[in-house]
Structure formats: C-alpha cells, structure tokens
Number of protein chains: 2
Amino acid sequence: MVQRSKAPSITQVAELAGVSLQTVSNVLNFPDRVRPETQKKVLAAVKTLKYSPNAAARRLKTAQASSIAVRLDSNSITDGDGRGLYSGFIQDEFVYQLTVAAENRGIRVITYTANNPEDELKKINLLCNSQDIDGLILTSTQLNDPRIKLVNSKGVPFITFGRPWGDDKMYSTQRPWIDVDGSFGTSLATQKFWDSGYRNIGYAGWRFETHKKSDPQNVNEDRFQGWLDTISKLDKSRKYTSGRNFSAKNDESVLGGRKMAAELLEKFPEIEVVVCASDTLALGVLLESGRLRKKPLIVSGFDNSPVSKEFNFSSLDQDLLEVAHSAIKILMGESGNQIRHIDFTKESTKAHVLLRPILISR
Amino acid sequence: MVQRSKAPSITQVAELAGVSLQTVSNVLNFPDRVRPETQKKVLAAVKTLKYSPNAAARRLKTAQASSIAVRLDSNSITDGDGRGLYSGFIQDEFVYQLTVAAENRGIRVITYTANNPEDELKKINLLCNSQDIDGLILTSTQLNDPRIKLVNSKGVPFITFGRPWGDDKMYSTQRPWIDVDGSFGTSLATQKFWDSGYRNIGYAGWRFETHKKSDPQNVNEDRFQGWLDTISKLDKSRKYTSGRNFSAKNDESVLGGRKMAAELLEKFPEIEVVVCASDTLALGVLLESGRLRKKPLIVSGFDNSPVSKEFNFSSLDQDLLEVAHSAIKILMGESGNQIRHIDFTKESTKAHVLLRPILISR
DNA sequence: CTGAAAGCGCTTACAG
DNA sequence: CTGAAAGCGCTTACAG
C-alpha cells in the first residue's frame, strides 16, 4: 500500500530554486515583487516538486479560513404530507452552483447538517469558534432567525438565500440577501399566455393566510400576487379583486394540483391555462385536466426542474449560477479572494439582490 | 457592524484556569491524564471563554485535515436526452447522509465540482497537495478510473460509492467500495408480487449490450438479472432464457416508461405487474397503462424517491444513511477519529460492502 | 500529574 | 529585489 508521501514544503521549493522562503512566498502571492528570471526558477521548482501550499499553515498564519459553510437537507420525505416531486431541487442546485462560484474565488465549501434549530445553532457555533469558516450561507430563514443573531455576534459575514419576509430590517445592510422574484415570474407567465391569445388564465398555488398588509408576506403570496396583478390589469372584463376568481390553493403535491384542476374546471369551464406555483402542482393540473377532458389544460410551473422537462410544460427558471455568484459577491465584494464585511455604502456591491426568473416556453 | 472578535486561544484558557497550555490540551485531548479537579477548572475556563481549538493550528500540527471531499453534480439537464425525473436523488441524499456520518466522527465534508474528467483530476490533485483532505469519496467510477490511480499515488485513502464494474481488481482491498445490490432488489420485488398471487410479472429497464461474461457488467444488467433469475425460477411454465419475454428496455425517462408500457401491453396482454429499474420508468409505465386500459398496471420502482411517494407505487429503498456510515467506516475503521489506511486483513472492517435494498410496499 | 520548549509550514514586517 | 527572523495556535516528546 502506498503510504502517504510527505508533501513538499516551501522550504524544499526554496532550496531547489536556490532562493529564500520569502521569495517563494512572494512568487506565489505577490509575483510583481519578484523579477521574471527568479520567478521562472521558482515556478520550475514548484512544478518539479508538485508543490501546493499547505492550506492549514496558510490559514493559521493569515487567520483566514477561506471557507464558507452551507447546510444540507435531506430530500427523503419522512412523514405523510406532500412536499412535491423534487422539493430539494433548488437547494441542491444552489449548493452545486455555490461550490462552482466559490471555487472560482479560491474558497472551499463545507457542508453541515442539523436535526433541529438548536442543533443548527450548535453546529454554526462550532464552525465559527474553530475558525473553520469565515462566511456563512443561510437558507430558509425565519422571522427573527436566531442564527442571524448568533452569526452577527461572532462577527462572521453571512448572506441568506431567500428574503427575510416580514422582517423590519429586510432592507437593512445588516441583513444581506439574494432572492428570485416570484411575483415577477408569475406575472411574466401570465403576460406571455395573454400575448399568445389566451384570455382565461387561472392560477394554482399554495395556501396562505390573508392579512391586512399591502405587501406579500411570503413566497406563496408573492407568486399569487404576480398573477393577480397582471391578469387584473389585462382583463378589465372581470373582477379579480377578491382573488378568488380563476384561482385555487392547495398543498404542494401532485394530488393538490389534481384537486385544483378539478375545482377550477368545475367552477370555470372556460379556463384554458393555469399558471402554477410549482412544477409539482403544474404536473397535477396537467394530468388531472387530461383525465377529465380530452385536451389537457395548458400549464406553467416554477423552477424548470426535470419534471417540467420530462412532461414538456413551460416553467420559470431561476438562474442559480447567478444566485450563487451574487451570494459570493456579497461575501467577498466584486473581486479579490477574501471573505470580509463589505461596506455596502462605499462599494458598488449591493446588499440585496432580487433576480428575475425567465420563462422557458415548451 | 460587529467586527470579528479575535477568538480565544488555548493560552487564554490556560491563564484563566491558572494552568499551563499543556494541561489545557490534555484536558481536551486526553482527559485521563489530568486529575478531575484540574479538569473542572479548565472546563470552566473553556466555557467562560467559549473556547474551541483553532482547527487550522491543530491541522498544521497533527498533519491531519480531518476532512473528506465529495464531488457535487448539477441536476439541471442541459441537453435533450432524458435523465429522468430526479436523476440526482441518490447522489444528493448520499452527500447529505455522508455529512451526517462524518459529523459523528468529527470530520468535515468539503464539496468540489468538475466540468470534465481532466478538471476533476486537477481539483483532486489540489485538494490532496494542499492537504485540505485526508480522504476522498468517489462516485460514478469508470473502468480504469484515472482518479483512483491519482489518489493512490498521493497515498490518500478513498472509497467509491458504486462497484467498479468489470474491473479485475473489483474485490481487491486496493479498491474499496460500497454499493447497493440492485439484483437483490428486483428479485425481491418479483418474489413479493409472486407471493401476492400475480403470475404475469414483467420488467421495464434500461438498455444494455449483451456479452458473453456470466456476471452482470453494469447496473442496468444487474437489475434486469434479478428479475430474470427470479421469475425463471418461479415460473417454469414459460421460457425466460432469452430474456426477451415480458421485458422491455428503453431510456431513463417518463417517455421511455410509456413506450415500454405500450410495447408490453401489446405483446403480452395478460401482463399484470411490471418491475421497473427506476421510479421514473415506473411512473411512465403507470401513466401509459392507465391511459390505455381502465386499470393501470401494478408497478414497482427503484430508489423510493418522492416520485414513488407522490404517485403511491412500491419502490426499492436504498438505506443511504447506512451507505454513508459504511463509507466512513472504510475510511476510518470501526471507531476512532482518524482517516487512515485500514488494513482490511487485520481489522474487522470490510473493504467491500453490498447493502440490500428493502421493498417499500404501497 | 504538570510545565517549559520545540516545531508544524506558512506569511509578513523589517533590514539590507 | 532578496534574506533572516518572528510568530500564528496548536500538540507532543521530554523533564521534573
């Protein structure tokens, strides 16, 4: 069995190149300080020895972990309530793209898991205290999220993927976030269907509580609002103000979609198209309407997941590579390789990024 | 803005506790060496200061990264060919469970990505040379996988999730792996359906080339073989030897499943049940047979993904937590917190673990 | 059981 | 442009 060979150190590179440690370090970190011939010698030695700097030593000296952490969740559903066909699609794809974006800046991504919120606080605490990370990605944030308080107390830069709905400080630079504009998405789908000549465009989404605030207070409401505002504006012949016409709400499951299709077809037989809050719901509407009628309803979904591709319906695509790049920018600024507290008042980087989904027509 | 507070060091703990560094280190790493009263003092100081050892310093000194790496793939399909409804389910769930299992042993999981095989070699090379990891998880291995050669040359312990099909050294301790027994799975489903009284049990799977070797040479063939062997044994009334009776092969897509349902129903109208190679294929068979007949065919899928739950059909479940635990054992042995080269001839840990899926009946 | 000291492999002021 | 030296925060033989 091959034993792990002791990796070459900077000392060996210096010896082989016939220069001092300092020079080797300079060639690697500040090439400008060293004249070309010396650089060449050093680089040749680096190549010969297949040298890479020892990351632990560098981290110790620079006090920079050059790492960020992100939580991973299980996609295996344990209980009975539906979570759709591919609940983790966005999260998993985001983590993938985050790793891509981080690699581009020389940053490592460390994953962690949590059984419950307290467990997560412990894990984050350890990650920060051991100085394993100098930045954190938070997903699915709650109102008054205790994780934010913790991370702030540690002075570790963070960013949330998803707006902190309902938080007073939603637009404070203390609460940087990146999100995809759901309302814009459903509006876009509605408009496109209208432009294609359809006039009876319904909506199938998730349940939410009504309240008196003027702005949407969660994702469910946000996506619904995009459809409602747009169809109300386009179609003056009906009153959509109650929000009940042509729209239905149910669980995130194929069955939920099926139920809504049945409901909508019964109440509004003239309906032609249904804008849906998710690909799972869209599939439910598609299948059930195909069963009840000869010709299924036209549907659009959300996330452009494999489901929408396999069943060939339109869907709103979130550009997760761009989401990930934006997240990294908020942690590191426009360039450079350090995770740091960005001064959003002085730099061009924005603390809040709302990306627009695009409609993939099928 | 809260600046990142300088974390407490072992020196400060020692001062507060009124002991030497050495003693603090001992309390943390070898508690037995220190008497209880001293331990108490030290632990109190640790708590007061919220001290965690600096991971970089520990790594530098011990020359152990206490980290493993695993590749992440995108689940977003770029080209036209079907990859099913949830191609990444097993991989993503495995990475999640791997993180859980690693955390239990104090090991970090680092993710990386690769655009192509050469890129992956570069990434692995860097990870090893910078001593960021001391163990590696490899998925989707190829015949004569160059990654294995590379990692072996670095002397970094590794394990593959998935058997190295066709490799001469498949059962060598130089090639440790963990896998799920697909053949056993489809056999199990076939047997259960038979026991329930069904007699006309077909199979819908992926395409593969036939060859002259006696053993299956890939996953596709392995899953097919489980059905064929079992049904041949149970049903002496027919000849299944050609492997063509009651079985069909196609792409991993809903459409592929649909095509096979149509084909099987036409050729064998008496067919009642179809054992499928995946949940995606099972859904295709379910939907198409429901369209062609009043009563859809009974199907079973593979992976117990959300698809099988949403559409309520039976599926073969891989216990990925156990897969992950086995992977960690192969890298670290039965206990302890070091990633190392296990001497499989001397320890009870096995270099090859083939887990049995269980049938979730719905 | 406890302490003083060396050293892991880097980076970085500082001096030349 | 280059070199000798200090020090990051640990762990670990070694001496008491």
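To find a chain, count down the sequence lines: A is the first, B the second, and so on, and within it residues start at 1.
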Engineer: Does a donor on one side chain sit under 3.5 Å from an acceptor on the other, for B:Asp92 and B:Asn75?
Structural biologist: yes
Engineer: Looking across every strand, which nucleic acid part, if any, lies under 4.0 Å from A:Ser25 by heavy atom: base, sugar-phosphate, or nothing?
Structural biologist: base
Engineer: Check each of B:Val151, B:Asn129, B:Ile133 against B:Ile124 using the side chain to side chain contact (heavy atoms under 4.5 Å, CB included) test, and report the only one that passes.
Structural biologist: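 Of B:Val151, B:Asn129, B:Ile133, side chain to side chain contact (heavy atoms under 4.5 Å, CB included) with B:Ile124 is met by B:Val151 alone.
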Engineer: Could you tell me whether a side-chain N or O of A:Thr62 sits under 3.5 Å from a main-chain N or O of A:Arg58, the two making a donor and an acceptor?
Structural biologist: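 Answer holds: yes.
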Engineer: Please check if the side chain of B:Glu120 supplies one atom and the backbone of B:Tyr112 the other of a donor-acceptor pair under 3.5 Å.
Structural biologist: no
Engineer: Students often get this wrong, so: under 4.0 angstrom with heavy atoms, is B:Thr38 touching a base, only sugar-phosphate, or nothing?
Structural biologist: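 It contacts sugar-phosphate atoms only.
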Engineer: Between A:Asp145, A:Thr141, A:Asp167, A:Thr160, which is the residue that forms a side chain to side chain donor-acceptor pair (under 3.5 Å) with A:Arg175?
Structural biologist: A:Asp167
Engineer: By nearest nucleotide on DNA chain D, pick out whichever of A:Leu21 and B:Arg58 is the more 5' one.
Structural biologist: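 The residue mapped nearer the 5' terminus is A:Leu21.
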Engineer: Tell me which one of A:Leu98, A:Leu136, A:Ile110 satisfies side chain to side chain contact (heavy atoms under 4.5 Å, CB included) with A:Ile68.
Structural biologist: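 Testing A:Ile68 for a side chain to side chain contact (heavy atoms under 4.5 Å, CB included) against A:Leu98, A:Leu136, A:Ile110 leaves exactly one candidate, A:Leu98.
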Engineer: Within the 4.5 Å heavy-atom criterion, are B:Lys123 and B:Thr113 side-chain neighbours or not?
Structural biologist: yes
Engineer: Between B:Val34 and B:Thr62, just flag the one whose closest nucleotide in DNA chain C comes earlier from the 5' side.
Structural biologist: B:Val34
Engineer: Under a 3.5 Å cut-off on both pairing distances, which runs of 3 or more consecutive Watson-Crick or G-U pairs involve DNA chain C?
Structural biologist: C:1-3 with D:14-16, C:5-12 with D:5-12, C:14-16 with D:1-3
Engineer: At the 4.0 Å heavy-atom cut-off to chain A, mark where contacts on DNA chain D begin and end, going 5' to 3'.
Structural biologist: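 First and last nucleotides in contact are D:dC1 to D:dG9.
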Engineer: Is the closest basic N to carboxylate O distance between B:Asp134 and B:Arg59 below 4.0 Å?
Structural biologist: no
